[in-house]
Engineer: 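One structure coming up, written as C-alpha coordinates, with questions to follow.
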Amino acid sequence: MWALNLRSFLLMSRSCLDLMRQGEGKSIVNISTVNYMHGLEPFTIYNATKSGILGFTRSLARELGKEGIRVNMLSPGWIMTEKQLRKYVTEEDKQTLLREQCVKHLIERSTSPP
(Lines give C-alpha, C1' and ligand atoms only; values in the text may rest on other atoms or scores of the structure.)
Protein backbone atom coordinates (compact mmCIF):
# COMPACT_ATOMS: atom_id res chain seq x y z
CA MET A 1 0.00 0.00 0.00
CA TRP A 2 2.86 2.40 0.77
CA ALA A 3 4.41 1.78 -2.65
CA LEU A 4 1.14 2.17 -4.51
CA ASN A 5 -0.21 5.19 -2.66
CA LEU A 6 2.98 7.20 -2.15
CA ARG A 7 5.90 5.98 -4.24
CA SER A 8 3.85 6.10 -7.45
CA PHE A 9 3.31 9.86 -6.99
CA LEU A 10 7.02 10.44 -6.50
CA LEU A 11 7.97 8.36 -9.55
CA MET A 12 5.37 9.98 -11.81
CA SER A 13 6.35 13.51 -10.76
CA ARG A 14 10.02 12.78 -11.21
CA SER A 15 9.51 11.18 -14.63
CA CYS A 16 7.78 14.23 -16.14
CA LEU A 17 9.86 17.04 -14.61
CA ASP A 18 12.33 17.39 -17.49
CA LEU A 19 9.49 17.87 -19.98
CA MET A 20 7.66 20.26 -17.66
CA ARG A 21 10.74 22.39 -17.22
CA GLN A 22 10.89 22.84 -21.00
CA GLY A 23 7.23 23.54 -21.73
CA GLU A 24 4.37 25.80 -20.80
CA GLY A 25 1.16 25.08 -18.89
CA LYS A 26 3.03 23.15 -16.24
CA SER A 27 0.85 21.50 -13.64
CA ILE A 28 0.87 18.31 -11.60
CA VAL A 29 -2.50 17.23 -10.22
CA ASN A 30 -2.44 14.49 -7.60
CA ILE A 31 -5.62 12.62 -6.72
CA SER A 32 -6.21 11.62 -3.11
CA THR A 33 -9.37 11.21 -1.05
CA VAL A 34 -11.15 12.84 1.86
CA ASN A 35 -11.28 9.51 3.69
CA TYR A 36 -8.03 10.17 5.57
CA MET A 37 -9.60 13.29 7.13
CA HIS A 38 -12.27 11.15 8.79
CA GLY A 39 -10.00 8.38 10.05
CA LEU A 40 -12.62 5.75 9.30
CA GLU A 41 -11.94 2.15 10.27
CA PRO A 42 -10.53 -0.26 9.13
CA PHE A 43 -8.44 1.89 6.78
CA THR A 44 -5.52 2.93 9.00
CA ILE A 45 -2.69 2.29 6.54
CA TYR A 46 -4.74 3.50 3.56
CA ASN A 47 -5.56 6.74 5.40
CA ALA A 48 -1.94 7.24 6.42
CA THR A 49 -0.73 6.89 2.84
CA LYS A 50 -3.45 9.16 1.46
CA SER A 51 -2.63 11.86 4.00
CA GLY A 52 0.98 11.48 2.89
CA ILE A 53 -0.09 12.58 -0.60
CA LEU A 54 -1.17 15.91 0.89
CA GLY A 55 2.24 16.41 2.51
CA PHE A 56 4.00 15.38 -0.69
CA THR A 57 1.84 17.72 -2.79
CA ARG A 58 2.32 20.73 -0.53
CA SER A 59 6.08 20.23 -0.30
CA LEU A 60 6.47 19.63 -4.03
CA ALA A 61 4.36 22.74 -4.76
CA ARG A 62 6.79 24.84 -2.70
CA GLU A 63 9.81 23.26 -4.36
CA LEU A 64 8.59 23.47 -7.97
CA GLY A 65 6.61 26.70 -7.67
CA LYS A 66 9.90 28.59 -8.05
CA GLU A 67 10.09 27.13 -11.56
CA GLY A 68 6.50 28.02 -12.43
CA ILE A 69 5.23 24.45 -12.01
CA ARG A 70 1.94 24.21 -10.13
CA VAL A 71 1.25 21.18 -7.95
CA ASN A 72 -2.27 20.61 -6.64
CA MET A 73 -4.34 17.81 -5.16
CA LEU A 74 -7.96 16.84 -5.75
CA SER A 75 -9.73 14.96 -2.99
CA PRO A 76 -13.10 13.63 -4.10
CA GLY A 77 -15.55 12.34 -1.55
CA TRP A 78 -15.92 8.71 -0.68
CA ILE A 79 -17.30 6.99 -3.77
CA MET A 80 -19.48 4.20 -2.48
CA THR A 81 -19.18 0.83 -4.14
CA GLU A 82 -21.48 -2.10 -3.50
CA LYS A 83 -18.75 -3.83 -1.49
CA GLN A 84 -18.12 -0.77 0.71
CA LEU A 85 -21.82 -0.32 1.37
CA ARG A 86 -22.18 -4.01 2.22
CA LYS A 87 -19.05 -4.44 4.37
CA TYR A 88 -17.79 -1.13 5.75
CA VAL A 89 -20.13 1.86 5.65
CA THR A 90 -22.25 2.34 8.73
CA GLU A 91 -25.21 4.67 9.00
CA GLU A 92 -23.06 6.89 11.22
CA ASP A 93 -20.37 7.02 8.48
CA LYS A 94 -23.00 8.09 5.95
CA GLN A 95 -24.26 10.88 8.20
CA THR A 96 -20.73 12.13 8.87
CA LEU A 97 -19.94 12.22 5.16
CA LEU A 98 -23.17 14.00 4.28
CA ARG A 99 -22.60 16.57 7.01
CA GLU A 100 -19.01 17.31 5.98
CA GLN A 101 -19.03 17.14 2.19
CA CYS A 102 -20.24 19.92 -0.10
CA VAL A 103 -22.48 17.71 -2.25
CA LYS A 104 -25.22 16.51 0.09
CA HIS A 105 -25.79 13.05 -1.31
CA LEU A 106 -23.75 9.87 -1.32
CA ILE A 107 -21.61 9.41 -4.38
CA GLU A 108 -22.21 5.88 -5.59
CA ARG A 109 -20.48 3.89 -8.29
CA SER A 110 -22.69 1.42 -10.07
CA THR A 111 -21.30 -1.79 -11.47
CA SER A 112 -23.19 -1.36 -14.72
CA PRO A 113 -22.35 1.31 -17.29
CA PRO A 114 -24.67 4.34 -17.35
Side-chain angles (χ1 to χ4, degrees):
M1 182 135 340
W2 291 99
L4 175 67
N5 286 346
L6 284 173
R7 188 167 185 258
S8 59
F9 288 86
L10 170 66
L11 295 176
M12 180 56 80
S13 298
R14 188 186 311 164
S15 70
C16 65
L17 275 180
D18 286 339
L19 288 173
M20 293 186 122
R21 287 179 170 131
Q22 297 170 19
E24 294 181 26
K26 311 168 218 179
S27 185
I28 296 172
V29 180
N30 294 323
I31 307 294
S32 186
T33 180
V34 297
N35 196 50
Y36 73 90
M37 294 179 212
H38 302 289
L40 301 176
E41 296 179 47
F43 306 108
T44 303
I45 301 302
Y46 175 82
N47 290 337
T49 61
K50 292 299 186 175
S51 67
I53 296 168
L54 174 61
F56 174 74
T57 300
R58 292 181 73 158
S59 296
L60 196 61
R62 294 266 182 218
E63 184 179 328
L64 299 179
K66 300 168 192 166
E67 300 179 53
I69 299 172
R70 296 180 313 276
V71 184
N72 295 291
M73 182 177 86
L74 295 176
S75 297
W78 193 359
I79 300 171
M80 303 290 164
T81 64
E82 289 177 21
K83 178 180 178 182
Q84 289 170 333
L85 289 167
R86 187 176 62 252
K87 292 182 73 173
Y88 302 116
V89 182
T90 67
E91 193 57 40
E92 183 181 344
D93 293 337
K94 289 180 188 178
Q95 294 310 311
T96 298
L97 291 170
L98 291 173
R99 183 176 56 254
E100 295 180 3
Q101 68 188 27
C102 296
V103 178
K104 300 300 180 189
H105 64 83
L106 294 179
I107 303 166
E108 295 186 57
R109 185 185 135 253
S110 68
T111 54
S112 58

Engineer: Would you confirm whether N47, through its side chain, and F43, through its main-chain N or O, come within 3.5 Å as a donor-acceptor pair?
Structural biologist: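 At least one qualifying donor-acceptor pair exists.
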Engineer: Assess, by modelled atom type and distance only, whether the side chains of D93 and T96 contain a donor and an acceptor separated by less than 3.5 Å.
Structural biologist: no
Engineer: Using side chain to side chain contact (heavy atoms under 4.5 Å, CB included) as the criterion, point out the one residue from Y36, Y46, F56 that pairs with S51.
Structural biologist: Y36
Engineer: Do you know which two heavy atoms are closest between V71 and A61, and how far apart they sit?
Structural biologist: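 Minimum heavy-atom contact is O-CB, 3.6 Å.
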Engineer: How many angstroms lie between OG1 in T49 and CG in L4, if you round to the nearest 0.5 Å?
Structural biologist: 8.0 Å
Engineer: I need the full list of side chain to side chain donor-acceptor pair (under 3.5 Å) pairs touching residues 6-22, with sequence neighbours left out, sorted by first then second residue.
Structural biologist: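 As it turns out, the side chain to side chain donor-acceptor pair (under 3.5 Å) pairs with a partner in residues 6-22, which skip direct neighbours, are R21-E67.
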Engineer: Rounded at 0.5 Å granularity, tell me how far CD in Q95 sits from OG1 in T90.
Structural biologist: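 Taking CD in Q95 and OG1 in T90, the distance rounds to 9.5 Å.
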Engineer: Side chains of V89 and L106, heavy atoms from C-beta outward: is any pair under 4.5 Å?
Structural biologist: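 When only atoms from C-beta onward are counted, L106 and V89 do not touch, as no gap falls below 4.5 Å.
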Engineer: May I ask you to test the L64-M20 pair for a side-chain heavy-atom distance under 4.5 Å?
Structural biologist: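 No; the side chains remain at least 4.5 Å from each other.
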Engineer: Find the distance between CG (L10) and CG (N30) and round it off to the nearest 0.5 Å.
Structural biologist: 10.5 Å
Engineer: Which heavy atom of G52 sits nearest a heavy atom of L6, and at what distance?
Structural biologist: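 Between these two residues, the closest heavy atoms are C-CD2, 3.6 Å.
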Engineer: Quick one: does S32's side chain have a donor or acceptor within less than 3.5 Å of a partner on K50's backbone?
Structural biologist: yes
Engineer: For the CD1 atom of I28 and the CZ atom of F9, what is their distance to the nearest 0.5 Å?
Structural biologist: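 One finds 11.0 Å between CD1 of I28 and CZ of F9.
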Engineer: Tell me if a side-chain donor or acceptor on K104 pairs with a main-chain N or O of R99 at a distance below 3.5 Å.
Structural biologist: yes
Engineer: As an exercise, state the distance from CG of L54 to OG1 of T33, rounded to the nearest 0.5 Å.
Structural biologist: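 Those atoms lie 12.0 Å apart.
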Engineer: Is there a side-chain contact between I69 and L17 (heavy atoms, below 4.5 Å)?
Structural biologist: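 A side-chain contact exists here, since the closest heavy-atom pair is under 4.5 Å.
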Engineer: When rounded to the nearest 0.5 angstrom, what distance separates CG in L97 from CD in E92?
Structural biologist: 10.5 Å
Engineer: Does M80 share a hydrophobic cluster with L98, counting links as ILVMFWY side-chain heavy atoms below 4.5 Å and allowing steps through other members?
Structural biologist: yes
